[in-house]
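What follows is a set of notes on a single structure, which appears directly below.
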Amino acid sequence: MPPTLTARTSWLALPRPTGMVEEEPLADATPLPSARWPWLLLTGLLLVQFLLFRQFVEREIAWMMPRSFDQSAYLLHSYQTYEVMVERGLWKGLETGLRQPVPNGLLLHVQGALMHFLFGPSRMSALSLNFVYYALLQLAVVAVLHWTTRRWSVAFLGLGLLLAALSPFGPCGGMDDFRIDFIAFCLYGVWMCTLVRSGFFQSRRWSLVVGVMALVIVLFRYITFVSIVTILGAYLVLLTGRWLRTRRDRELHAALGHQIRNLVSASVICLVFAVPVLLWRARALYSYYVVNYILGGDHNIRAAELGLHSLIQHVSYYPLSVLFDHSGISFLVLGGFICALGLLLRWLKPMAREEQASPLAPGLPIWLYFAVAGLVPLGIMTVSISKSPITGNIIVQPLFWLLLLPLVAWAQARKGVSLTTERWLAGVAGVGLFVGMNGQLHAASIHRSGTLHPYDTEQMLALIQDLRTEQRNLSVEKVRVASDTLSDWLYSTTMQVYLYERERKLVDLSSTLGSSLFAIGEKEALASLAEADFAILQENYLQDKSSVYPFHHSMQQVHPQLRRYCQEHFTLKGKYVVHGDTYLLYVRPYLQVKKCPWGWVTPEGITLTGTSKALQRFPVVELQGGIPSERFASLPGIAAQFRLGEAAPRTIPAKIQFKGNAYTIRLRIDPKELSDQDAPVEIRIVFDRFFRAPMSAGHEDEPLAALPPSTVRLYRSLPE
C-alpha cells in the first residue's frame with residue numbers, strides 16, 4: 001500500500017484519505033434517510049436551468065446573426081464539419097473536422113458538429129454544448145464537495161456560489177456564445193475538482209484523471225498549455241523542495257515521494273498526447289499567436305481598444321475583470337459570507353483532541369494549490385499586452401475554492417455536530433441556492449441588442465437577405481464582399497453562418513475589404529473593390545476619430561474615392577439605416593449564366609441572359625473559368641452571338657486567353673446599338689474544339705470544351 005498524507009493535518013486540508021484514498025468513505029456526521037434526494041434535487045435544478053437557457057436562446061439569440069468574429073468562425077467550422085458528416089459519413093466528417101486548420105483548439109467545432117448531427121444543425125444545438133459542460137461542472141462540484149465533507153449542505157452551498165458567478169451570462173464569452181472561452185471556464189473548474197478528488201496527487205488513479213483532464217483543456221484551447229504546464233511545474237518544484245527538506249522523517253519523505261510520482265504521471269499523460277498535437281498545429285499557432293499578437297501590431301490595438309495605456313492599467317485589468325465582470329457582487333458577497341462562516345464556526349466550535357491534526361503534515365498547504373492555479377494564468381495573461389475581457393473567467397474557479405476552504409475544512413474536521421447546526425447549515429445552503437438561481441432567472445430575463453433595437457436588427461437582416469438574393473442572380477459560387485466598416489455583422493463569415501441557419505446551405509462568401517484591423521492605402525482599397533461582387537459602404541463616413549482601429553482612419557481618407565468607384569462600376573441596390581448610420585449596398589452588374597448540362601460546356605456553348613439596361617452602363621463582359629488544357633492538342637477558339645429582344649442574333653467580336661488551366665473571355669457590346677428600354681438580351685459563346693470524356697452511367701461520350709464560368713463581370717471599359 002503506497003504511503004499517503006493524512007487529511008486532517010491542516011485546517012485547510014481538503015482531501016481526507018488514508019490508505020487508498022479513493023476507496024475509503026468518510027463518516028457522515030448525520031446519516032441521511034436516503035441518498036437519492038440530493039441527486040434528484042440537482043437534476044431538477046439542472047432541468048430548470050436548461051429550460052431557462054433554452055427559452056433565452058430561442059428568444060434572444062438563435063434567430064439573430066452571431067455576435068463577434070470568433071463565434072462566427074467557430075460556428076462556420078462546425079457547420080462545415082457537419083455537412084461533411086452528412087455527405088460522406090460520420091467518421092469522415094470527424095476526420096475532416098480534426099484536420100481543419102483552426103489555430104485555437106481542436107475539439108470545439110468537432111463536438112459542435114456532433115451536436116448538429118444528433119439534434120439538427122442550428123444555433124440551439126451548438127450552444128447546447130455549452131450547457132452540457134456547465135452541467136458537468138456542477139455535477140463535479142457537488143460530487144467532490146460531498147465526497148470531501150460528507151455534508152450535502154456544504155455541497156449545495158458550493159453549488160449556489162458557483163451559480164452566482166457572472167461568467168456564464170456575459171454578453172461575450174458566456175453560455176450563449178459559441179466559442180472556447182466558456183467551455184474552458186467549465187473544464188478548468190472540473191480539472192480543479194479532479195485535483196481535490198486526487199488528494200492533490202495522493203491517489204494514483206485520480207492523478208491519472210487529473211492528467212487526462214489537463215489534456216482535454218489543452219486540446220480545447222491550445223494556449224492553455226502554457227498555464228497548465230507552468231502550474232504542474234510549480235507543484236513539482238514546491239513538492240520536491242518539501243521532499244528534500246524532510247529526509248529525516250522517513251514516513252513523510254516516502255509519502256511526498258509518492259505524491260511527486262503521481263504528479264509526474266499526470267504531467268506525462270498531458271505532455272505525451274498534447275505536444276504532438278501542438279507540433280502538428282505549429283504553423284497555425286505561429287501565424288495566429290506569434291505573427292498576429294507578438295510580431296504584429298494587433299496586441300497594441302487590442303490594448304487601446306480596452307483603454308489600457310499605463311502599466312497600472314495593464315496590471316490591474318485582469319484582477320478587476322475577474323472581480324466585477326466574471327465573479328460579480330452576488331458571488332463575492334456570498335463567497336465572503338461562506339468564508340467568514342467557516343472561520344466563525346472554527347472559532348466557536350474548536351476541534352476536540354481526538355480530531356486534532358496528525359503529526360504527519362501535508363506536502364503543501366492546500367490553499368497554495370488553489371493560489372498557484374489562479375496566480376499562474378493571471379500572471380501569464382497580465383504579461384501579455386493583448387488583453388481580453390473574456391479570458392479572465394477561469395480565475396473564478398480557484399477563487400471559488402479559496403472562498404469555500406474554511407467552511408469545507410471545518411465540515412471535514414468535525415466528526416459530528418448537533419442537529420441544530422446541521423439544520424442551520426441546510427438553511428444557509430438553501431439561501432445560497434436561492435442567490436444562485438435568482439442570478440439564473442435574472443440572466444434569462446434580460447434582452448439583448450437584437451430585441452432591444454428591432455428596427456436596426458431588421459435593417460441588418462434586410463441587407464443580408466438582399467445580398468443573398470442578388471448573389472443568386474450572379475450565378476457564381478464564390479462571392480466576394482468589400483466593406484469600409486469593421487463590424488461583426490458585416491463580416492463575411494457572420495453572413496455565411498446566418499444564411500446557413502436559414503437555408504441549410506453553405507454560401508461561399510469572403511471579404512476583400514473590411515476584415516483587417518490595419519490601415520490600407522487607396523490603391524489597395526480600390527483593388528479590393530475591383531475583386532468584389534458586393535460593396536457595403538457608409539453613405540457619410542462619420543467614424544469617430546478616436547477609433548482605435550487604423551483601418552477606420554484609413555477609410556476616412558479614401559472614402560470619397562471608394563464611393564466614386566462604386567458609382568462607376570456597381571449598381572446601388574438599397575440603403576439601410578443601422579444605429580444611425582446609413583449603409584449602401586452596391587452590386588456588381590451581372591448577366592445570368594444558363595446552367596450547362598453535366599457541369600461542362602458542350603457544343604451548345606455558354607448562354608448569358610440579362611437586360612439592355614445593365615449593358616448600356618457596363619458594355620464590357622468578362623468571363624473566367626477553368627479548362628483542362630492538357631486534353632487539347634491545340635487550345636480552342638470561340639465565337640460569340642448577341643441578340644436583343646426578339647431580333648435575330650448577330651455575331652460580335654470576342655477574345656479568349658488562357659493561363660494554365662484557366663480561361664478568360666472578353667467581349668464588348670456597343671451601347672449605341674442597345675435599346676433605351678430595359679429589353680432582354682442574350683449572349684451565346686461557342687467553342688470550336690472539344691475533348692471526349694466518359695460521362696456518368698446512362699450517358700454516351702460527350703464532346704466537352706471547358707467548365708462553366710465561375711465569374712461573369714460587367715465593366716465600363718476593358719480592365720487593365
Side-chain angles (χ1 to χ4, degrees), residues 48-76 78-79 108 112 115 121-131 133-134 163-183 185-186 305-306 321 324-330 388-393 436-465 485-491 493-502 576-581 583:
V48 171
Q49 291 176 61
F50 180 73
L51 293 176
L52 292 173
F53 165 76
R54 182 179 180 85
Q55 65 86 20
F56 176 78
V57 170
E58 291 181 344
R59 187 188 76 233
E60 303 288 335
I61 305 298
W63 59 274
M64 266 289 290
M65 63 192 72
R67 304 182 313 275
S68 80
F69 302 96
D70 290 346
Q71 180 177 200
S72 298
Y74 291 126
L75 283 168
L76 183 59
S78 73
Y79 290 136
L108 177 62
M115 296 295 287
S122 68
R123 191 87 59 84
M124 185 70 232
S125 297
L127 294 177
S128 293
L129 183 65
N130 285 344
F131 187 84
Y133 279 96
Y134 193 38
L163 296 178
L166 291 181
S167 283
F169 314 109
C172 284
M175 199 164 20
D176 62 345
D177 192 347
F178 187 72
R179 63 169 94 193
I180 55 180
D181 301 273
F182 179 72
I183 293 180
F185 163 81
C186 296
E305 187 179 17
L306 296 173
S321 175
F324 299 108
D325 299 332
H326 298 293
S327 299
I329 300 300
S330 296
S388 167
I390 302 172
T391 54
N393 60 358
M437 290 304 297
N438 183 64
Q440 302 265 330
L441 290 168
H442 174 73
S445 63
I446 63 175
H447 292 292
R448 290 291 169 85
S449 177
T451 52
L452 287 175
H453 306 284
Y455 176 78
D456 298 308
T457 302
E458 179 184 336
Q459 291 285 288
M460 293 180 195
L461 301 182
L463 187 152
I464 297 176
Q465 292 291 359
T485 306
L486 284 177
S487 179
D488 49 8
W489 73 275
L490 292 174
Y491 192 45
T493 304
T494 302
M495 298 182 188
Q496 283 180 281
V497 170
Y498 174 77
L499 292 173
Y500 179 84
E501 291 174 347
R502 299 299 169 278
Y576 312 83
V577 180
V578 179
H579 299 304
D581 294 321
Y583 293 87

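- Looking at heavy atoms from C-beta onward, Met175 lies out of side-chain contact with Val57 at the 4.5 angstrom threshold.
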*Please test Met65 against Val497 for side chain to side chain contact (heavy atoms under 4.5 Å, CB included), starting from the C-alpha separation and ending with a verdict.*
CA-CA 7 Å; Met65 63 192 72; Val497 170; over 6 Å; no
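- Side chains of Tyr498 and Ser72 form no contact here, defined as non-hydrogen atoms less than 4.5 Å apart.
- Looking at residues two or more places apart in sequence or on another chain, you find no salt bridge (charged side-chain N to carboxylate O under 4.0 Å, His left out) involving Arg502.
- Within the model, atoms NE2 of His579 and OH of Tyr455 stand 12.0 Å from one another, a figure rounded to the nearest 0.5 Å.
- Looking at heavy atoms from C-beta onward, Leu463 lies in side-chain contact with Trp489 at the 4.5 angstrom threshold.
- A donor-acceptor contact closer than 3.5 angstrom is absent between the side chains of Gln459 and Tyr583.
- Here the CZ atom belonging to Phe182 is positioned 8.5 Å from the CG atom belonging to Asn393, to the nearest 0.5 angstrom.
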For residues 166-174, which side-chain donor-acceptor pairs fall under 3.5 Å, sequence neighbours excluded?
unit_1, atom_1, unit_2, atom_2, d
Ser167, OG, His326, O, 3.4
Ser167, OG, His326, ND1, 3.1

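- Nearest heavy atoms, Gly112 versus Phe178: CA-CZ, 4.0 Å.
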_Worked check of side chain to side chain contact (heavy atoms under 4.5 Å, CB included) between Leu163 and Gln49_ = CA-CA 10 Å; Leu163 296 178; Gln49 291 176 61; 3.6 Å; yes
*Output, in order, the C-alpha distance, side-chain angles, deciding distance and verdict of side chain to side chain contact (heavy atoms under 4.5 Å, CB included) for Val578 and His453.*
CA-CA 9 Å; Val578 179; His453 306 284; over 6 Å; no
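- Sequence neighbours left out, the pairs with a member in residues 437-459 that pass salt bridge (Lys or Arg N to Asp or Glu O under 4.0 Å) are Asp176-Arg448.
- In this structure, Asp488 and Gln71 have side chains that are not in contact, with every pair of non-hydrogen atoms separated by 4.5 Å or more.
- Looking only at side-chain heavy atoms (C-beta outward), Thr493 and Gln496 come within less than 4.5 Å of each other.
- Trp63 has its side chain within reach of Thr451: a pair of non-hydrogen atoms, C-beta onward, lies under 4.5 Å apart.
- Put simply, the side chain of Thr494 never gets that close to the backbone of Leu490: no donor and acceptor are under 3.5 Å apart.
- In this structure, Asn130 CG and Ile180 CD1 are separated by 11.5 Å, a value rounded to the nearest 0.5 Å.
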*Take Leu127 and Phe53, measure what side chain to side chain contact (heavy atoms under 4.5 Å, CB included) needs, and give me the verdict at the end.*
CA-CA 9 Å; Leu127 294 177; Phe53 165 76; 3.9 Å; yes
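- Taking every heavy atom of both residues into account, Ser128 and Phe50 meet most closely at OG-CE1, 4.3 Å.
- The shortest side-chain heavy-atom distance between Arg54 and Phe131 does not fall under the 4.5 Å cut-off.
- Residues Asp177 and Asp70 fail the side-chain proximity criterion, which asks for heavy atoms closer than 4.5 Å.
- Remark: Met64 CE to Met460 CE distance equals 6.0 Å, nearest 0.5 Å.
- Annotation for His442: atom NE2 does not count as buried by contact number, only 12 or fewer foreign heavy atoms lying within 6.0 Å.
- Rounding to the nearest 0.5 angstrom, the gap separating the CG atom in Leu129 from the CD1 atom in Ile183 is 4.0 Å.
- Rounding to the nearest 0.5 Å gives a distance of 7.0 Å between CD1 of Ile390 and OG of Ser68.
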